[in-house]
Amino acid sequence: MAKISIDINNVISKIDDRLYGSFIEHLGRAVYEGIYQPEHESADEDGFRKDVLELVKELHVPVVRYPGGNFVSNYFWEDGVGPKDKRRRRLDLAWRTLETNEVGISEFYKWAKKAGTDIMMAVNLGTRGLPDALNLLEYCNLDTDSYYAALRRSHGDKEPYGIKLWCMGNEMDGDWQVGHKTAKEYGRLAAQTAKAMKLMDDSIECVACGSAHINMPTFGTWEREVLEEAYDYIDYISCHQYFSNKTGDTEDFFASIDSLDDFINTVAGICDEVKAAKGSDKTVNISFDEWNCWYHVTEEDDERMKKDPWGVAPHLLEDNYTFEDAVVNGLALIKFMKHSDRVKIACLAQLVNVIAPIMTDKDGKAWRQTIFYPFLHASLYGRGTAIMPSVDTEKHPTSKHGSVTDIEASAVYNEDKHRLTVFAVNRTLDKHIPLELSLKGFGEFKNVRHIFLESSDMLLTNSGADEKVSPGERDGIPETLSPASWNVIIFT
């Protein structure tokens, strides 16, 4: 038996809608043959695939990080503005490809408006720095009688883009990053860049780079040193984490998601230590702006980039996701909801073709991967106030992560819609677990729906021809939670 009790008074936080953000990088087929393919039969007047736009709108993505990622650390944004026949083609050192710059910030802004999403813009602090960040901000956000604002207007965009969220580079702690820096070097550069950008536009928010993942050798010390330099000028510090099951151990794969608790709690604690040391009244929160499963084609990608570099939009990072990957992503979303007091932004990396919930066939249709569905359900039903559930459940041993709970759960109450949603995962492989669910303080609900993903085959995948993993639905509170299942219980 699993007993889940939900008390309306056990409030964690109001969830920031940006918890359900995503990411588009100039990488592989994310942009070209992903969101943009003028020759495709579904392309609109601007070259954007309408079938992709419809699936993005289905997910209700509130913010999309752009243009990278590792790509941004050698990106010259000026190459992607103005007349397309005069744009420079440039080598991308991060992914060893050729960037045509057919799509730049102007085109991406048009796409974002059509998709109903906002932009989280990243600036190049790898090979460039403060002056170029200011030039880009002026181009995007100002309506002044100055050079870059006038340049945007001359390119046909009379009104400013009004981008409010800005990343100060990407993964600058990683030695794979073009322009990799020490924490002190990066922290001072991020501080000075954010400070100057806010002098130009005081309506923006800035995200400093945290560690690329929890196992970085400098994790913790990096955050502390960066924050000591930049705390007064930034609003968020980033976290990135990817999950993999290279050993084929599904229960341990499900357990690995618990590392998010340590990651988030440690980073939040360091933020608060620096806040106290500085005597600041400002709280720096977390932008978890890269997360997903990523491991299926890593070796093939490395070999392709080594043997056949400098191609245009090659097939890179196109993981074909399994049923168990969908369950892991559901578990990650549960963790983000339960940490919504500190994690205000999160970006599923990425959105189209590149480790993505949406895939495209070059001459065919766009289709949904298995991981599309937990993200869809969280985005639709996970907006409101996060409530900490009391979960009484047994534990089971795992090979590398000790004993973990059979059931993981979160709850979100939307007062305006008088809707309570319980998200739950049974992370055992062989136990049908009876469920006892009790609510306190919510008043009367008339209807209950149960949406679920269930399968006995952990390696089941979707394709453009056959969607083998898709949600089922039934009325009422489920009597049991099936093994390895994703469950969404909606009270209205």
Side-chain angles (χ1 to χ4, degrees), residues 1-15 19-20 251 254-255 257-258 260-261 326-341 373-396 403-456 471-492:
M1 176 70 73
K3 298 179 180 180
I4 301 177
S5 303
I6 303 168
D7 187 328
I8 198 170
N9 294 310
N10 290 340
V11 171
I12 300 170
S13 175
K14 176 79 167 63
I15 291 176
L19 198 68
Y20 309 114
E251 281 196 335
F254 291 169
I257 214 73
D258 284 357
L260 284 175
D261 291 318
V327 175
V328 166
N329 276 20
L331 284 163
L333 288 159
I334 285 173
K335 294 294 186 183
F336 293 142
M337 294 174 199
K338 292 170 82 169
H339 288 281
S340 58
D341 56 332
Y373 288 107
F375 187 87
L376 171 69
H377 300 150
S379 181
L380 290 180
Y381 304 113
R383 304 193 189 209
T385 299
I387 308 293
M388 183 63 76
S390 172
V391 182
D392 183 6
T393 177
E394 292 183 356
K395 293 186 175 183
H396 61 273
S403 292
V404 299
T405 56
D406 290 354
I407 302 293
E408 272 291 301
S410 62
V412 178
Y413 180 52
N414 188 311
E415 186 175 9
D416 292 339
K417 297 183 178 181
H418 192 53
R419 181 182 69 207
L420 174 69
T421 306
V422 179
F423 301 89
V425 170
N426 177 350
R427 50 182 177 176
T428 71
L429 299 184
D430 55 5
K431 289 196 284 188
H432 292 264
I433 299 178
L435 175 64
E436 182 180 299
L437 186 56
S438 62
L439 312 179
K440 181 180 179 182
F442 292 96
E444 182 182 358
F445 292 109
K446 295 182 179 179
N447 301 296
V448 184
R449 296 164 57 205
H450 176 211
I451 302 172
F452 55 88
L453 290 176
E454 298 174 355
S455 176
S456 59
E473 185 171 337
R474 54 176 78 98
D475 292 332
I477 301 172
E479 294 182 359
T480 62
L481 300 180
S482 298
S485 61
W486 163 254
N487 303 272
V488 186
I489 306 164
I490 307 165
F491 297 83
T492 54

Under 4.5 Å between any side-chain heavy atoms of [X] and [Y], yes or no?
X    : Y    : value
Y373 : W486 : no
I12  : S340 : yes
D475 : V448 : no
V425 : N487 : no

At their closest point, which heavy atom of [X] faces which heavy atom of [Y], and how far apart are they?
X    : Y    : result
E444 : H418 : O-NE2, 3.2 Å
V327 : A484 : CG2-O, 3.8 Å
A255 : V404 : CB-CG1, 3.7 Å
P389 : I6   : CB-CG1, 4.1 Å
A386 : M337 : CB-O, 3.5 Å
F423 : V412 : CE1-CG2, 4.1 Å

How long is the gap from [atom1] on [X] to [atom2] on [Y], to the nearest 0.5 Å?
X    : Y    : atom1 : atom2 : result
T480 : N426 : OG1   : CG    : 9.0 Å
K440 : N10  : NZ    : CG    : 8.5 Å
I334 : I407 : CD1   : CD1   : 9.5 Å
S410 : I4   : OG    : CD1   : 9.5 Å
Y413 : I387 : OH    : CD1   : 9.0 Å
N414 : L420 : CG    : CG    : 10.0 Å

**Prompt:** Can any side-chain N or O of E473 pair as donor or acceptor with the backbone N or O of R449 at less than 3.5 Å?
**Reply:** no
**Message:** Within the 3.5 Å criterion, strictly below it, is a donor on E454 or S485 matched to an acceptor on the partner's side chain?
**Reply:** no
**Message:** Less than 3.5 Å apart, any donor N or O on the side chain of S5 or S438 sitting next to an acceptor on the other?
**Reply:** yes
**Message:** Tell me whether K335 is salt-bridged to D258, with the criterion being a basic N under 4.0 Å from an acidic carboxylate O.
**Reply:** yes
Near [X] [atom1], under 6.0 Å, is it more than 12 heavy atoms from other residues, nucleotides or ligands?
X    : atom1 : result
E479 : CD    : no
K431 : NZ    : yes
K14  : NZ    : yes

**Qualifying residue for side chain to side chain contact (heavy atoms under 4.5 Å, CB included) with T421, from I489, I451, V488** = V488
**Request:** List for me each residue that meets ring-ring contact (aromatic ring centres under 6.0 Å, His included) alongside F491, sequence neighbours excluded, and say none if there are none.
**Result:** F445
**Request:** Kindly indicate, with the supporting measurements, whether the criterion side-chain contact (heavy atoms from CB on, under 4.5 Å) is fulfilled by N329 and F375.
**Result:** CA-CA 8 Å; N329 276 20; F375 187 87; over 6 Å; no
**Message:** Could you go through I15 and T385, starting from their C-alpha distance and side-chain angles, then the distance that decides it, and tell me whether this counts as side-chain contact (heavy atoms from CB on, under 4.5 Å)?
**Reply:** CA-CA 6 Å; I15 291 176; T385 299; over 6 Å; no
**Steps toward salt bridge (charged side-chain N to carboxylate O under 4.0 Å, His left out) verdict (R427, D406)** = CA-CA 6 Å; R427 50 182 177 176; D406 290 354; over 6 Å; no
**Item:** Which residues share a side chain to side chain donor-acceptor pair (under 3.5 Å) with S379, sequence neighbours left out
**Value:** R383
**Asked** So, for F452 and H450, is the gap between ring centers shorter than 6.0 Å?
**Response** yes
**Item:** From CA spacing to verdict: side-chain contact (heavy atoms from CB on, under 4.5 Å), V391, T405
**Value:** CA-CA 9 Å; V391 182; T405 56; over 6 Å; no
